[in-house]
Amino acid sequence: MHSNFADKKILVGLSGGVDSATCVHLLTAAGFAVEGAFICFSPAHHAMQPAAETAAKELGIPLHIINAEELFDETVALPFCRTYCAGKTPNPCILCNPLVKFNLLAQKATELGIACIATGHYARTVTKKGTVYLRTAASTSRDQSYMLYRLPQSILERLVLPLGEHEKSNVRHIAEAAALSAAAAPDSQEICFVPEGDYAAYVEGRGFKSPAGNFIAPNGTVAGPHKGLLHYTVGQRRGLGVALGKPAFVKEISPNGDIYLGFGGEEFAAGIELEDTFWAEGKPPENGTYTVKIRSMAAPAACAFQVQNGKATVLFAAPQRAPAPGQSAVLYSGGLVLGGGFITKNIRTAHF
RNA sequence: UGGGCUGUCGCCAAGAGGUAAGGCACGGGACUUUGACUCCCGCAUUCCGCUGGUUCGAAUCCAGCCAGCCCAA
């Protein structure tokens with residue numbers, strides 16, 4: 001076992017949900033001296049603190065409260081708003097994990113003199129030749145490694161992910177057997193800092209405005225005005241309010257304000273270009289064949305990866321549906337997370 | 001103000017005497033630690049431009065009117 005685990009002390013991120021509570025339970029059962037940390041990311045999280053406190057009490061561990069509202073707002077929430085206004089689709093979790101959640105958890109652990117940290121994420125880690133890689137969870141349907149791809153080595157080498165080997169249903173059973181209140185907690189979450197799940201209302205409520213423009217139908221005609229760029233994302237169908245006889249999808253969002261629509265099939269892309277990449281080994285993997293995820297809940301898809309003149313490009317073996325600029329593409333090899341980057345544009349049809 | 005055509009849910013559109021298909025859009029739900037996708041449910045209960053008439057019974061037949069479009073002037 002990793003030398004850092006020697007003192008058996010560990011700090012666990014505790015949200016009050018079933019996963020993090022079960023994570024603590026498993027670690028305690030394994031002999032760890034566990035302490036918990038509840039991180040308050042936004043005003044919307046205030047309501048969750050009691051659940052975390054209840055869980056800590058039931059689990060018999062001390063709970064540290066970390067207020068991260070200011071950091072989260074500047075690092076995640078505001079960039080989230082700006083990205084939408086730029087006609088792209090942000091993924092707040094991707095930024096929050098390395099910059100706020102795991103960052104503060106590790107910081108707190110250091111402060112407490114605790115070497116290891118843990119969370120209830122469904123993912124695993126594995127060390128090879130001095131590099132710690134994230135690895136997909138045993139439960140492929142719950143795998144959350146995608147969301148963690150930007151975690152730095154300094155975090156990964158301290159990280160323990162007890163749920164990586166478990167199935168979700170199993171986790172809930174464990175929580176029930178341990179009589180944890182969290183066993184009954186619903187695990188469905190949307191954007192954690194957006195209360196009603198209406199992200200557009202949130203962005204606008206914070207005073208942001210995005211370019212207006214028109215929907216452009218597949219035949220090139222103007223199909224009417226839209227509500228503002230921030231209301232849409234590539235691949236979206238519902239909420240367009242455009243009746244063209246058959247389902248229409250957002251094919252492309254132009255920075256000038258126009259939104260190009262396509263019929264079923266036209267939202268697929270042959271490949272993508274990436275920017276601001278992050279790699280486990282500190283440098284991009286060799287050009288070659290890998291698998292890639294362009295969204296969290298998707299099976300890794302075969303692809304060809306190449307870096308040319310500093311620009312990373314991914315060509316899919318089979319067209320992928322609606323990659324959205326702003327979202328992340330994560331590269332895998334045999335279940336290991338090699339890294340990834342943010343999608344800048346879709347390649348309709350192209351070859352290296 | 002001569003001739004022709006059309007008028008069914010927000011949009012498109014079946015229907016051609018027997019008691020209002022469908023698609024799109026929309027609403028709700030499920031799924032989901034991002035956005036999406038997907039799936040499920042709902043969506044003109046007397047109403048088919050309006051007013052009368054024929055009929056046991058009409059959106060479907062008849063008459064008049066109104067509205068829009070087209071061609072002539």
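Computed from a predicted model, the values in this text were never measured in an experiment. So you know, we letter chains A, B, ... as the sequences are listed, proteins then strands, and number each from 1.
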**Q** Rounded to the nearest Å, what distance is computed from the CZ atom of residue A:Phe263 to the P atom of nucleotide B:C12?
**A**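 In whole Å, B:C12 P and A:Phe263 CZ are 15 Å from each other.
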**Q** Could you walk me through whether A:Asn97 and A:Tyr149 pass the side-chain hydrogen bond (donor to acceptor under 3.5 Å, both in side chains) test, one step at a time?
**A** CA-CA 9 Å; A:Asn97 284 149; A:Tyr149 85 97; over 6 Å; no
**Q** In this structure, how many angstroms lie between the C1' atom of B:U34 and the OH atom of A:Tyr199, rounded?
**A**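 So the two atoms are 11 Å apart, to the nearest Å.
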**Q** How close or far is atom P of B:G35 from atom CD of A:Gln236, stated in whole angstroms?
**A**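 Those two atoms, CD and P, are 12 Å apart.
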**Q** Are the aromatic rings of A:His121 and A:Tyr146 close, with centres under 6.0 Å apart?
**A**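 No, too far apart.
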**Q** Calculate the interatomic distance between A:Ile294 atom CD1 and B:C37 atom C1'; express it in whole Å.
**A**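 The distance from CD1 of A:Ile294 to C1' of B:C37 comes to 11 Å, rounded to the nearest Å.
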**Q** Find which nucleotide of RNA chain B each of A:Ala248 and A:Ser141 is nearest to by heavy atoms, and output the residue with the more 5' nucleotide.
**A**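 Nearer the 5' end of the strand: A:Ala248.
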**Q** Rounded to whole angstroms, how far apart are CD on A:Glu252 and C1' on B:A36?
**A**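 Interatomic distance, CD of A:Glu252 to C1' of B:A36: 17 Å.
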**Q** Would you call A:Asp19 and A:Arg172 a salt bridge, taking side-chain N to carboxylate O under 4.0 Å as the test?
**A**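 Result for this pair is no, no salt bridge flagged.
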**Q** Take the protein atom CZ of A:Phe268 and the nucleotide atom C1' of B:A36, then report the distance between them rounded to whole Å.
**A**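 Atom-to-atom, A:Phe268 to B:A36, this comes out as 12 Å.
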**Q** Look at the rings of A:Phe80 and A:Tyr84 and say which category their plane angle falls in: under 30° parallel, 30 to 60° tilted, over 60° perpendicular.
**A**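 Because their plane-to-plane angle is over 60°, the rings of A:Phe80 and A:Tyr84 count as perpendicular.
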**Q** Any salt bridge between A:Asp276 and A:Arg150, counting N to O under 4.0 Å?
**A**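 Yes, this pair counts.
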**Q** Need to verify one output field. Residue with the more 5' nearest nucleotide on RNA chain B, A:Phe80 or A:Gly239?
**A**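 Result: A:Gly239.
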**Q** Checking all strands, does A:Leu240 fall into the base, sugar-phosphate, or nothing category for heavy-atom contacts under 4.0 angstrom?
**A**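 Contact class for A:Leu240: sugar-phosphate only.
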**Q** What is the base-pairing partner of B:C50, counting Watson-Crick and G-U wobble geometry with both distances under 3.5 Å?
**A**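 Check on B:C50: paired to B:G64, both distances under 3.5 Å.
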**Q** Reckon A:Cys192 touches a base, only the sugar-phosphate, or nothing at all at heavy-atom distances under 4.0 Å?
**A**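 Counting heavy atoms under 4.0 Å across all strands, no contact is made by A:Cys192.
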**Q** Figure out the CE/P separation between A:Met297 and B:U32, and round it to whole Å.
**A**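 Taking CE of A:Met297 and P of B:U32, I get 9 Å after rounding.
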**Q** Does any nucleotide pair with B:G10 by Watson-Crick or G-U wobble geometry, both distances under 3.5 Å, and what is it?
**A**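 B:C24 is the nucleotide pairing with B:G10.
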**Q** Checking understanding here: a glycosidic angle within 90° of 0 is syn, the rest anti, so what is B:C9?
**A**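 Anti, which is what one calls it when the glycosidic angle falls more than 90° from 0.
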**Q** Quick one: A:Arg321 CZ to B:A36 P, roughly how many Å, whole number?
**A**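 After rounding, the gap between these two atoms is 12 Å.
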